[in-house]
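For reference, the structure discussed in these notes is given below.
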Amino acid sequence: MLKVLVADESLESNLRCCQYLLANDKNLNIVSSNSGINTLEKYHEINPNVLVINSNFKDMKYTEIINELSNTGEERHNCNIILTVLDSNKVEVDFMAKVYKLFYKLDYDKIYDGINQYNLDNIIFYEPSEKNLRALFYKLNLYNERLGSVYLKYAIVKCYHTPELLNSLNSIFTLISKEFNISYESIRPAMRNALKSVNNCRNMTGDKGIFKLFENEDSITPKIFIRTITTYYLKQKR
């Protein structure tokens, strides 16, 4: 369930936004706040996936909220704020990297669409179960049925439960070889063949979406794929 914190000084506007979002998606877990300090307190309390800021507050500007969160540990790397401002000339955000969507008009349709897009663009599964991995691989245009995909899933689950395996690709290949009774030498080519579709899709699409996970890589290799996906899941552990 996606956790959303809606922050708006206007109680009426806040209520309308929350009601609109819930009417469109019953699976959203929505919490609201109507002051800057309360927004920061609730943010750290519930760790929302998305923060929607609809206005400045008497006690704090939206820029101060964003900059405060941008200086908080891993939050500076978390691009999850949907910001609505009424005057484009007054947008002053030091840490724009945290702003996922910026709208110049309070539009509940756009806010909902922004939350929905965030849900599509980010991995929100918290452990590498078979169901979650199938959904993830589908998003990455990675065919679940290919042998290479099966080996990649197995490697991710193994590394999730035994993270030290990430230091040795050879050890991972040895485990796969024993589990599936296949030759050690056939594993890497199978994985590389499966990842061709990921690399091709990544290069063709203009919308990075979930491919943001690999935006600093020239090519997604088996080693990079296993390490990146496993590391993401490890970060979700509570």
Side-chain angles (χ1 to χ4, degrees), residues 1-126 132 135 139 207-210 212-213 232 235-238:
M1 179 174 286
L2 208 67
K3 291 184 290 185
V4 179
L5 174 58
V6 177
D8 193 321
E9 190 168 65
S10 167
L11 292 176
E12 182 181 355
S13 177
N14 209 331
L15 178 61
R16 282 204 304 268
C17 184
C18 292
Q19 288 177 335
Y20 181 89
L21 296 176
L22 283 174
N24 283 277
D25 191 342
K26 295 293 192 294
N27 290 317
L28 293 178
N29 181 5
I30 301 178
V31 177
S32 65
S33 64
N34 64 343
S35 74
I37 294 297
N38 188 236
T39 296
L40 288 173
E41 289 176 347
K42 288 195 174 184
Y43 190 99
H44 292 305
E45 177 186 343
I46 68 173
N47 294 313
N49 300 101
V50 180
L51 167 59
V52 179
I53 303 178
N54 287 335
S55 68
N56 274 320
F57 304 96
K58 290 186 176 69
D59 62 337
M60 186 176 287
K61 295 180 179 178
Y62 65 80
T63 52
E64 294 175 306
I65 295 173
I66 295 172
N67 294 347
E68 174 69 24
L69 292 174
S70 298
N71 285 314
T72 306
E74 293 183 359
E75 277 302 325
R76 69 170 64 92
H77 305 297
N78 191 9
C79 181
N80 68 334
I81 291 177
I82 294 177
L83 175 65
T84 298
V85 293
L86 300 180
D87 188 343
S88 61
N89 296 321
K90 294 183 179 179
V91 177
E92 300 172 358
V93 183
D94 293 341
F95 295 92
M96 280 297 291
K98 269 199 69 63
V99 178
Y100 176 70
K101 296 284 186 181
L102 173 63
F103 302 123
Y104 296 116
K105 180 182 178 182
L106 180 56
D107 186 321
Y108 298 140
D109 282 331
K110 288 185 176 180
I111 291 173
Y112 172 73
D113 289 342
I115 292 172
N116 191 45
Q117 187 62 47
Y118 176 92
N119 193 13
L120 293 174
D121 283 353
N122 293 270
I123 309 173
I124 58 171
F125 309 117
Y126 297 116
N132 291 345
K139 285 185 179 183
D207 183 7
K208 291 184 179 179
I210 200 170
K212 289 177 183 177
L213 285 171
Y232 174 83
K235 287 181 179 179
Q236 308 312 310
K237 279 190 174 182
R238 298 300 184 215

Close side-chain approach of V85 and Y104, heavy atoms under 4.5 Å: yes
K110 atom NZ, over 12 foreign heavy atoms within 6.0 Å: no
L69 vs L51 side-chain heavy atoms within contact, under 4.5 Å: yes
Gap separating the CD atom of E9 from the OG1 atom of T39, nearest 0.5 angstrom: 10.0 Å
Taking every non-hydrogen atom, the tightest pair across G114 and K101: CA-CG, 4.3 Å
Test item: K42 side-chain N/O and V31 main-chain N/O as donor-acceptor pair under 3.5 Å: no
Taking every non-hydrogen atom, the tightest pair across F103 and I82: CE1-CG2, 3.8 Å
Minimum side-chain heavy-atom gap D8-C17 below 4.5 Å: no
Which atom of I115 lies closest to which atom of V50, heavy atoms considered: CG1-CG1, 4.2 Å
Expected output: side-chain N56 to main-chain K61 donor-acceptor under 3.5 Å: no
Reported CG-to-NZ distance for the pair N34 and K58, which is rounded to 0.5 angstrom: 9.5 Å
Heavy-atom side-chain contact between Y100 and N80 under 4.5 Å: no
Interatomic spacing from CG in D59 to OG in S35 - rounded to 0.5 Å: 5.0 Å
Heavy-atom side-chain proximity of N54 to I111 below 4.5 angstrom: yes
Side-chain heavy-atom pair Y43, P48 within 4.5 angstrom cut-off: yes
Rounded distance (nearest 0.5 Å) linking atom CD of Q19 with atom CG of N14: 10.5 Å
Over all atoms of both residues, closest heavy-atom pair of N67 and N71: O-ND2, 3.0 Å
Side-chain touch I53/I66, heavy atoms, less than 4.5 angstrom: yes
Over all atoms of both residues, closest heavy-atom pair of I65 and G36: CD1-CA, 3.9 Å
Flag side-chain contact, heavy atom, 4.5 Å: S33 against L5: yes
Stepwise side-chain contact (heavy atoms from CB on, under 4.5 Å) test for L40 and M60: CA-CA 10 Å; L40 288 173; M60 186 176 287; 3.8 Å; yes
Straight-line distance of L21 CG to N116 CG, nearest 0.5 Å: 11.0 Å
Atom pair CD1/OH of I81 and Y118 - distance to nearest 0.5 Å: 10.5 Å
